[in-house]
Amino acid sequence: MQTKDINEQIKWAQINKDVLTSLENPRMAYWVAVGICVAMIACAVVAEVYQYQMGIGVAALDWPQMWGLYIGTFIFWIGMSHSGTLLSAILHIVHADWRKPIYRFAEAMTTFSLMTAGLFPLIHLGRIWNLYWVLPYASDRGVWPNFRSPLAWDCFAIFTYLTSSALFLYIGMIPDLAICRDNAKGWRKKLYTVLSLGWAGTDRQWRHFRKTYLLMACFLIPLAVSVHSIVSSDFAMSIMPGWHVTTFPPYFVAGALYSGCAAIITLFIILRYFFRFEEYMTIPILEKTCKLTFVIAMAWSYLNLIEFSSVWYGHNEVDKELLLNKFTGAYSPYFWAMLFFGSVLPFTLAFEKLRRHLPTMFVVSLLLNVGMWLERWMIVSPTLSLSYEPFAWSVQWPSIVQWAIVFGSFGWFGLLFLVFVKVFPSVSMYEVKEMVYHRRRANVESKAHEFGRRSSDPQAATGLPGT
Amino acid sequence: MSKHHIIGLFSDFEQAFSAIAEIRDGKIPGVSVDDVILKSPIEHPEIEEVLGERSSHVPKFTLMGAIFGITFGFLFLASAEATFLVQPQGGKPVIPLPSNIVLTYEMLILFGVLFTLISFLVSARMFFKRDNLYSEKVSLDQIGVRLAVDEKNAQALKGLFQQHKAVEIREEVVR
Amino acid sequence: MSGNEINRRDFLKLMGVSGAGAALAGCDMPSTVTLEEGKEEVIPYVTPEEYVIPGVGVWYASTCRQCAAACGTHNRVREGRVLKVEGNPGSPVNHGKLCQMGQAGLQGHYNPDRLTQPLVRKNGALTEASWDEALGMIKQHAGSGVNGGRTAWVTGTVSGHQAALVQAHLDVMGSAAHHYVHEVVNNAVGQAVNREVLGEAQPRYLFDKAGVILSFGADFLGAWQSPVHFTGEYAKFRTTAQRGVLVQVEPKMTLTGANADLWLAVRPGTEGVVALGIANVLLTKFNRDGSRLSADVRTTIARYDFDTVTRLSGVAGDRIAKVAGWLNERSPSLVLSGLSAEGQGHGYDAAAAAMLLNIILGNVGKTIVSGGSFPFTHLTAKAGNTQSLTAFADGVEKGGYDAVFFYNTNPVFTAPGFMALGDKLSKVPLKVVFTNFRDETAMRADVVLPIHSAYEEWGTHVPAYQGDDGFIGVQQPVMEPLYATTRGFGDVVLDLLKMRAADKYNAFPDYYAYLRKEFAGLPADVRKGAGEEVFWQQALQQGLVPVKRKEGGALSAKAVAVNIPDYSQNAEYPYHLIPSPRLGMWDGRHANLPWLQESPDQISKVVWESWAEIHPQTAQKLGVEEGDYLRITSDQGTIEAKVYIFKGIHPDAVAVPLGQGHEEYGRYAKGRGVNPLKILSPVHDGKTGELAMFGTRVKVAKAGRKETLVRLGGSEAQHGRKLVATITADVFRRTEGGGKDVV
Amino acid sequence: MSFKNILGDWAHYRRGREEGGFHNYEHKWGMAVDLNKCIGCNACSIACYAENNLAVVGPERFAKHQAMHWMRIERYWDEPDLEGEIPASQYQEQGASFLPMMCQNCMSATCEPVCPVAATYHTPDGLNAQVYNRCIGSRYCSNNCPYRLRYFNFWSYYESSWPAPLHMQLNPDLTVRDKGVMEKCTFCVQRIRVAKDKAKMEDRKVIDGEFNTACQQTCPTGAIVFGDLMNPESQVSKMWATHQVELGKTEQTKQNPQMRGYRVFEDLNTDPKVLYLERVREV
């Protein structure tokens with residue numbers, strides 16, 4: 001049974017080779033996947049054009065159910081994006097080096113899910129063609145966005161987050177791009193030459209690189225937290241029962257990390273399987289991710305309980321009513337499903353046997369995300385359907401148009417990701433090298449300690465794997 | 001008077017370090033350890049041991065960026081709100097601090113990140129053309145030690161490199 | 001003299017043309033009007049009229065034609081279009097207020113389905129024709145040959161000079177007696193009782209004097225006689241120092257019932273029983289003076305003790321006692337009877353029973369006073385009912401008519417199914433319909449004459465229930481006719497008259513001239529000494545001519561014998577069908593007005609369709625829930641409607657509102673819902689012979705289909721929120737006693 | 001953004017901070033609805049359709065709750081338990097509870113701060129204005145309105161709702177809203193506008209009762225009263241005074257708690273400007 005995160009004896013050249021081959025000549029399965037994604041996007045595009053022509057009515061949104069799946073899915077994708085930040089930034093700062101083989105695609109996920117999330121506020125607008133009015137540009141009429149509105153905050157936050165995480169991803173990739181450059185031919189050569197910004201691996205570059213990467217990581221963590229807090233304030237800032245909840249920011253952040261980690265597990269398994277990354281995306285690393293996910297799942301469940309109990313012991317009858325309705329009313333199947341997927345299912349992650357069984361983990365991770373998606377929907381819709389004004393109560397289910405667009409968003413995300421894994425190394429080569437290097441060094445030192453030898457003793461330090 | 005640019009590629013870090021160590025001890029006249037340019041496939045802090053402390057200005061820029069973000073952010077929002085005469089109605093202040101703090105915070109991070117990036121690109125000498133002595137091996141698994149010496153010292157340096165089991169030595173003469 | 005008038009008319013003409021353009025410019029629809037398309041003239045004024053400022057509305061007084069109540073209106077005209085109708089504060093009927101029907105009248109005027117060309121039947125099919133052709137056709141049939149009572153007019157409630165002209169036409173056709181006035185929503189039986197008991201068909205009710213109003217199915221806030229007027233009276237009644245108490249006794253909750261302090265559900269047809277029960281309590285428990293009642297009446301009353309009443313009507317004894325108590329202590333009171341009580345085989349007796357209470361409680365003369373008599377009898381409203389339609393149908397059956405003229409009514413739709421009026425009409429060689437729309441009757445006519453809408457033509461109206469003072473309501477064209485090819489009703493009738501009595505009527509070029517002459521002919525005390533022109537202008541400005549009513553003497557109060565048959569179960573048809581009229585659709589005449597279609601029913605909040613109201617118990621028994629289709633079968637036929645379940649109806653009753661189920665009548669009405677009138681059984685009131693609208697027994701069953709009932713509103717309970725808070729009347733009397741805030 | 005403006009508004013800003021808000025209103029248009037008189041007949045609602053160019057959406061869309069009635073009459077079946085009440089029965093013995101609901105034009109409206117483009121804001125008239133041209137249809141305002149009194153144009157209605165010549169009835173004083181725009185009761189702002197202009201031309205204040213809203217005008221029982229709450233002489237402020245209800249409170253302190261006045265959801269601190277007078281029932 002594999003216990004080490006990674007095999008230190010692996011040759012560096014091997015690392016380069018393995019990863020670089022993952023960029024080349026895509027197999028049939030890849031093109032099929034691309035095809036599927038494009039088809040899904042097509043559905044969404046058709047639906048959106050139709051909605052644009054006819055008006056929001058085609059989405060079967062109504063009075064008072066004004067937001068529905070669009071905003072729910074928006075939160076879902078925003079949440080998804082937090083995983084990358086967690087894995088690369090937080091774990092980087094705490095020197096958890098097992099992140100190294102897997103953080104790259106996690107960061108890519110961050111960027112792409114943000115690019116997906118950003119679409120939904122646009123799609124759900126009644127007059128999308130006036131979208132730019134939300135941007136703070138100086139107009140000669142002296143009209144500005146309403147900076148009091150959480151929606152305006154959203155657009156600041158998302159813009160910042162998208163920029164920063166994209167840069168973070170890119171900066172971290174430069175040395176690998178240099179490797180690609182040195183091994184690529186044709187258009188790829190040109191592309192990588194430009195992208196690697198003339199990286200030569202000099203000590204100066206490495207020095208500044210280290211600082212920059214660290215600083216960015218430091219920025220990204222509070223940013224990620226603030227972004228989802230702001231998204232949560234779309235609801236927490238309102239006065240609606242079930243929305244006006246103080247615990248929403250942490251609740252949202254927890255949920256975000258949760259769905260993000262689950263998504264990482266999914267992609268982890270997919271990549272490991274298709275790109276034969278067994279050497280790098282090893283079971284122990286998966287286990288660590290699973291444990292992390294489990295912890296977050298528990299935190300999320302806890303915050304759920306907090307919310308329920310604060311409603312229960314609070315004095316707002318309307319809130320209580322709404323909560324009871326979630327438990328028993330029209331939405332209850334989905335609500336219970338959410339609780340099951342979110343709080344019960346993660347216990348599979350607690351068992352080593354299951355954790356190490358990839359198919360199980362694959363299914364589980366998918367279901368966890370289904371649960372998290374339901375959570376977002378259960379935050380948005382019940383409050384809209386049943387709030388203060390009983391005469392306005394109505395439960396309306398989303399129309400095919402809404403579903404199509406939500407469905408398509410997964411295609412869009414998938415397509416971006418597929419393109420990414422074929423153009424950019426989805427495993428960070430230089431960091432895996434570091435990992436290998438440092439781990440072996442550590443071993444050597446411990447050995448040396450045993451034999452009371454100098455660590456730099458040629459015999460002890462048996463050169464580099466390359467030779 | 002021509003300069004000889006010499007790079008030695010080592011497959012063993014220890015060797016490379018000891019070579020540098022000897023340079024530092026002045027085995028080669030006319031060059032100091034500060035002239036040494038090390039090229040390596042991975043980033044490793046141990047290098048400080050032999051190369052000696054080399055500072056980075058990136059954090060300063062970051063700080064500047066953050067401060068700029070805060071000031072610009074708040075002023076921008078405040079002035080925008082002050083000129084947006086619709087907003088004060090409904091018994092609300094012209095410039096609402098809570099929401100501005102939230103937005104300023106985002107601005108802080110945005111500009112912090114941007115400044116950091118710029119300072120990195122500048123101080124890490126990115127966009128520079130790689131010299132002819134650059135070897136793909138460096139991005140793979142070898143470590144390069146590069147020095148520019150006078151003609152008379154070139155041989156000594158090569159000797160040093162060989163003595164330390166350099167895998168390959170390249171030389172370029174600049175007139 | 002008329003120069004001024006002509007001036008006004010052609011300014012209307014100018015504006016009428018320009019109005020369209022301005023309108024479209026106004027409502028930002030560039031897609032539908034552009035100069036390139038040249039659809040409309042967008043330049044507003046060729047030569048601006050004095051006193052007309054673009055963008056500023058001009059108000060013209062007129063009279064509402066949406067129901068027989070003849071409310072006074074002020075019509076806002078801007079750039080030649082009438083935009084908004086509001087009540088005329090000077091009108092004794094509505095005091096400046098309007099109901100939703102009055103507000104929605106405009107949509108009849110601007111309706112996309114307006115009939116614009118005369119139609120004549122050529123080899124079976126109605127085809128567009130010119131006016132000359134149409135009138136020619138009438139001339140050849142009804143012009144000369146016809147005589148001796150072979151002509152008939154079937155109209156809705158018609159009054160004023162139109163009534164006079166119609167009568168004149170009948171006279172010249174020698175068919176004086178053949179004017180049949182048909183109204184589904186009528187008060188015929190009640191008036192018969194009034195005539196018998198009080199000696200006056202239409203007394204005045206003084207709501208504000210009453211401490212209690214006990215209403216047996218009289219929906220005076222909704223579909224009764226004069227909705228807006230009685231609603232205003234109700235407001236007074238509720239805000240007086242004593243703050244009146246309203247008790248409603250009926251099988252299905254009407255709008256009035258929904259506002260009652262105590263709403264009592266009775267088994268359909270047993271309102272009279274409850275009345276007698278209350279009378280019994282009053283006489284025995286409270287020793288009210290029954291001396292004015294004949295012995296046999298008192299014995300009848302004595303039969304109705306609590307148990308009997310409860311057994312028959314299903315109304316609990318304590319409720320009877322409570323109501324009796326209120327009536328006793330809050331004297332004087334007012335007891336009314338309405339459709340659901342009177343529309344029975346023994347409707348007359350039920351109404352009489354209600355009237356007994358008025359006598360016992362001594363309300364006659366206090367809250368029920370003489371309405372006086374209107375001096376100009378030829379202008380008074382001819383009260384409509386269904387009985388007259390029956391008579392007409394019989395006449396047609398016997399082939400008694402060569403020519404029939406329909407105006408302001410749609411009997412083919414409103415006639416009960418068993419009458420088969422539509423088919424019978426085929427026996428009439430010439431059927432002329434004056435209408436604005438292709439309604440059911442028009443589609444069976446031989447000649448259809450498109451008349452002006454209510455906002456385009458002249459007219460005068462005298463409401464049946466006049467409120468505080470008598471008056472002649474003036475109706476004037478407030479805008480240029482939308483279509484050059486429609487004509488005023490009066491103008492056409494004058495033409496008809498000229499066919500027969502040219503010498504007499506050639507003097508009048510048009511109806512306007514006729515009216516001018518008639519007004520000039522009004523006695524000086526009405527004109528208050530004003531000169532002809534001045535008086536006319538005053539009339540136009542005020543929208544009415546005040547007319548002193550001749551004081552009627554004190555009302556008699558002779559109790560009539562009441563004989564209410566015991567309630568009998570019907571094994572085959574256990575339920576009662578209640579074809580409930582409602583404010584809005586009324587009898588169905590407003591089904592083509594989208595606003596009213598979309599305006600939720602006050603009780604069930606359903607829109608755009610028919611529904612069947614049943615009690616939760618019934619629903620349980622039938623195993624249906626909201627939205628399930630209910631199959632309702634009488635001996636005359638079957639209808640199906642979605643179920644609405646609420647506690648405002650007696651378990652033995654199933655109520656289907658009137659108004660829907662049109663087969664013609666334009667895009668908004670056609671093919672929507674069902675018409676309960678079509679399955680009414682031929683039950684008639686024993687005494688008056690009026691159709692017993694509520695006397696039909698039906699059997700109901702779950703049809704199996706189910707759709708969402710299109711209804712406004714989610715939860716129908718307040719869930720503890722303070723949305724509508726309620727306090728007791730005692731508190732109200734203490735705090736505000738006497739309506740400080742009366743508007 | 002001129003620097004002058006910033007300095008200029010700084011004074012406002014300071015003042016706002018000191019007085020806890022921006023206060024120099026010209027009017028505060030408000031309403032009072034007497035539920036003792038309201039019979040739920042819908043006349044006000046239709047008057048509103050006629051005055052404000054409201055779209056008729058048709059049964060299918062009505063079923064999807066997409067109707068545009070700015071003035072809706074709510075009808076509740078639950079009966080209050082008043083002391084000394086006769087034992088409950090299987091019937092709806094106390095009738096229905098009708099509640100005319102129009103935009104409450106809250107003084108601290110929850111819809112205003114959440115609009116990302118400030119398409120809804122508070123006018124110096126104390127009105128809660130909706131700027132159709134500015135609206136981008138994020139629908140946040142509706143979601144944050146506890147009364148659910150904002151209606152969204154889910155479709156383009158003008159072809160379907162006003163087939164010629166019905167469009168000739170449209171009131172030129174205000175627009176027809178296109179798809180993607182939020183709309184709501186405006187207290188007939190076009191009438192207010194006219195009245196104010198007239199007053200200005202005649203160099204006087206607006207007289208109470210010189211104009212009225214469409215719903216108030218037509219209400220057959222006169223249950224609706226509209227006017228300026230800043231004018232102590234106006235009928236509406238008198239009613240507010242009589243029933244001891246004041247603006248700016250989340251809980252009214254009445255000398256006589258039996259006075260009927262109350263505001264719906266006033267405990268949410270929306271500070272609505274519509275006063276309701278409790279329904280009255282004999283027991």
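As a basis for the values below, the full set of heavy atoms in this structure was taken, side chains included, without hydrogen atoms, waters or symmetry mates. Residue numbers start from 1 in every chain, and the chains themselves are labelled A, B, ... in the order their sequence lines are given, proteins ahead of strands.
- With a threshold of 4.5 angstrom between heavy atoms, D:Arg150 approaches chain A through N, CA, C or O but not through any side-chain atom.
- In this structure, the separation between SG on D:Cys135 and CG on A:Leu125 is 9.0 Å, given to the nearest 0.5 Å.
- If you measure heavy-atom distances from D:Tyr140 to chain A, the contacts under 4.5 Å come from both the backbone and the side chain.
- Taking NZ of D:Lys64 as the reference point, atom CG of A:Leu61 lies at 9.5 Å (rounded to 0.5 Å).
- Within 6.0 Å of OH on D:Tyr132 lie more than 12 heavy atoms contributed by other residues, nucleotides or ligands.
- In plain terms, the two heavy atoms of D:Leu268 and A:Tyr388 that are nearest each other are CD2-OH, 3.4 Å.
- Two residues are said to be in side-chain contact when any heavy atoms from C-beta on lie closer than 4.5 Å; D:Pro146 and A:Ile239 meet this criterion.
- More than 12 heavy atoms of other shown residues, nucleotides or ligands fall within 6.0 angstrom of atom CH2 in A:Trp397.
- In terms of heavy-atom pairs under 4.5 angstrom with chain D, the leader among A:Val318, A:Thr383, A:Asp234 is A:Asp234.
- The two residues A:Pro390 and D:Tyr76 have their closest heavy-atom pair at CD-OH, 4.0 Å.
- Partners of D:Gln252 under the side chain to side chain contact (heavy atoms under 4.5 Å, CB included) rule, at least two apart in sequence or in another chain, are D:Val245, D:Glu246, D:Lys249, D:Lys254, D:Arg263, D:Glu266.
- Here CG of A:Leu151 is found 10.0 Å from SG of D:Cys141. Values are rounded to the nearest 0.5 Å.
- Against chain D, the residues from residues 65-82 of chain A that qualify, each with a non-hydrogen atom under 4.5 angstrom away, are A:Met66, A:Trp67 in number order.
- The aromatic rings of D:His65 and A:Trp63 lie parallel to each other, their planes meeting at an angle below 30°, with 60° marking the opposite boundary.
- Taking a 6.0 Å sphere around OH of D:Tyr262, one finds it holds more than 12 heavy atoms contributed by other residues, nucleotides or ligands.
- Of the residues considered (A:Gln396, A:Met237, A:His244), A:Gln396 shows the highest number of contacts with chain D, using heavy-atom pairs under 4.5 Å.
- Around atom CH2 of A:Trp412, no more than 12 heavy atoms belonging to other residues, nucleotides or ligands sit under 6.0 Å away.
- Taking 4.5 Å as the limit, some side-chain heavy atom of A:Trp243 sits within range of a side-chain heavy atom of D:Asn143.
- At a 4.5 Å heavy-atom cutoff, A:Asp154 makes no contact with chain D through either its backbone or its side chain.
- Looking at A:Arg127, its side chain never comes within 3.5 Å of a backbone N or O of D:Val181 through a donor-acceptor pair.
- Among all heavy-atom pairs drawn from A:Val143 and D:Arg134, the shortest one is CG2-NH1, 3.9 Å.
- Within the 4.5 Å cutoff, side-chain heavy atoms of D:Arg148 are placed close to those of A:Leu384.
- Taking every heavy atom of both residues into account, D:Asn144 and A:Ser238 meet most closely at OD1-CB, 3.0 Å.
- For the pair D:Pro113 and A:Asn146, the tightest heavy-atom approach, listed with the atom from each and the gap, is O-ND2, 3.0 Å.
- For a residue to count as touching a neighbouring chain, one of its non-hydrogen atoms must lie under 4.5 Å from one of that chain's; by this rule A:Val58 touches chain D with backbone and side chain alike.
- Contacts of A:Ser233 with chain D are made by backbone atoms alone, with heavy-atom separations under 4.5 Å and no side-chain atom involved.
- A distance-only check finds no donor-acceptor pair linking the side chain of D:Gln66 to the backbone of A:Ala60 [under 3.5 Å].
- Closest of all the heavy-atom pairs between D:Pro116 and A:Ala152 is CB-N, 4.3 Å.
- A:His124 is listed as a side-chain neighbour of D:Arg139, based on a closest heavy-atom distance under 4.5 Å.
- With a 4.5 angstrom heavy-atom cutoff, D:Ser156 touches chain A only via backbone atoms.
- The shortest side-chain heavy-atom distance between D:Lys179 and A:Ile56 does not fall under the 4.5 Å cut-off.
- A:Gln53 touches chain D through its backbone: at least one of N, CA, C or O sits under 4.5 Å from a heavy atom, while the side chain does not.
- Inter-residue side-chain proximity for D:Met101 and A:Phe391 is flagged as unmet; no heavy-atom pair is nearer than 4.5 Å.
- For A:Tyr52, the part lying under 4.5 angstrom from a heavy atom of chain D is the backbone only.
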